[in-house]
Amino acid sequence: MNLIGKRAVRAGVAVAGVAVASALAGCSLSEAVTEKANGHVKTVEYQTGTEGKASRDVQLPGWVPDQAQSVSEVIRTTGSERILRYTAAGAKLPATCLPGPAPKTAPTLTADWWPNGQETKTDKLCDAVWHVSSDGTTVYAYKPETIDQRGAN
């Protein structure tokens with residue numbers, strides 16, 4: 001086998017390995033785990049809040065309305081930090097989400113859908129740890145890290 005053929009075989013094996021690993025881990029195509037400089041990060045997407053709450057792998061927080069649509073979340077798998085976005089679709093936050101201050105720390109997690117500085121616009125606190133804000137029908141939420149990440153890299 002020539003050098004080009006060996007490379008093609010290796011690439012095919014690598015792609016198959018990723019597919020098998022994803023299948024064995026129970027990940028759907030809407031989930032991905034990547035290694036970042038600041039720890040392990042998992043991204044999940046759900047069509048509705050109900051679907052996200054039913055997930056056996058990563059469940060959405062209980063305060064997210066079942067009617068929420070187009071739910072995206074980035075999660076630090078080595079800690080507690082999370083950023084979340086969904087379309088409200090007329091659903092309101094539960095009464096347990098109370099007025100509250102913006103967090104003292106900015107997220108280290110990033111996503112193309114998370115506006116820079118969005119955490120400074122939060123004006124509600126859900127489950128006492130989620131900083132939440134709305135921009136029209138889009139709801140953004142940030143849960144700051146509570147676990148020391150210095151040894152997680």
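Computed over heavy atoms, backbone and side chain alike; hydrogens, waters and symmetry mates excluded.
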inquiry  = Restricting to salt bridge (charged side-chain N to carboxylate O under 4.0 Å, His left out), what partner residues turn up for Asp123, sequence neighbours left out?
reply    = none

request  = Among Arg85, Lys42, Arg82, Lys53, find the one that has a salt bridge (charged side-chain N to carboxylate O under 4.0 Å, His left out) with Glu73.
outcome  = Arg82

key: Side-chain ion pair, Glu81 and Lys143, N-O less than 4.0 Å   = no

key: Side chain proximity check, Leu125 to Val132, heavy atoms < 4.5 angstrom   = no

inquiry  = Within the structure provided, determine whether Arg76 and Thr108 are in side-chain contact (heavy-atom separation under 4.5 Å).
reply    = yes

Minimum heavy-atom distance between [X] and [Y], given as atom pair plus value:
X	Y	answer
Thr122	Pro103	OG1-CD, 3.3 Å
Ile83	Tyr142	CG2-CD1, 3.9 Å
Ser133	Lys121	CB-O, 3.4 Å
Lys92	Pro65	O-CG, 3.6 Å
Val74	Thr110	CG2-O, 4.1 Å
Trp114	Ala141	CZ3-O, 3.4 Å

Return yes if a side-chain donor-acceptor contact under 3.5 Å exists between [X] and [Y], otherwise no.
X	Y	answer
Thr87	Thr137	no
Ser80	Glu145	yes
Ser55	Tyr46	yes

request  = Applying side chain to side chain contact (heavy atoms under 4.5 Å, CB included), run through Thr48 and Tyr86 and close with a yes or a no.
outcome  = CA-CA 9 Å; Thr48 65; Tyr86 66 85; over 6 Å; no

note = Separation between CH2 (Trp63) and NZ (Lys124), nearest 0.5 Å, reads 11.5 Å

Worked check of side chain to side chain contact (heavy atoms under 4.5 Å, CB included) between Leu84 and Trp130 = CA-CA 10 Å; Leu84 171 76; Trp130 282 91; 3.9 Å; yes

inquiry  = For the CD atom on Gln47, are there more than 12 heavy atoms of other groups (residues, nucleotides or ligands in this structure) within a distance under 6.0 Å?
reply    = no

ask   = Under 3.5 Å, is there a donor-acceptor pair between the side chain of Ser72 and the main chain of Glu45?
value = no

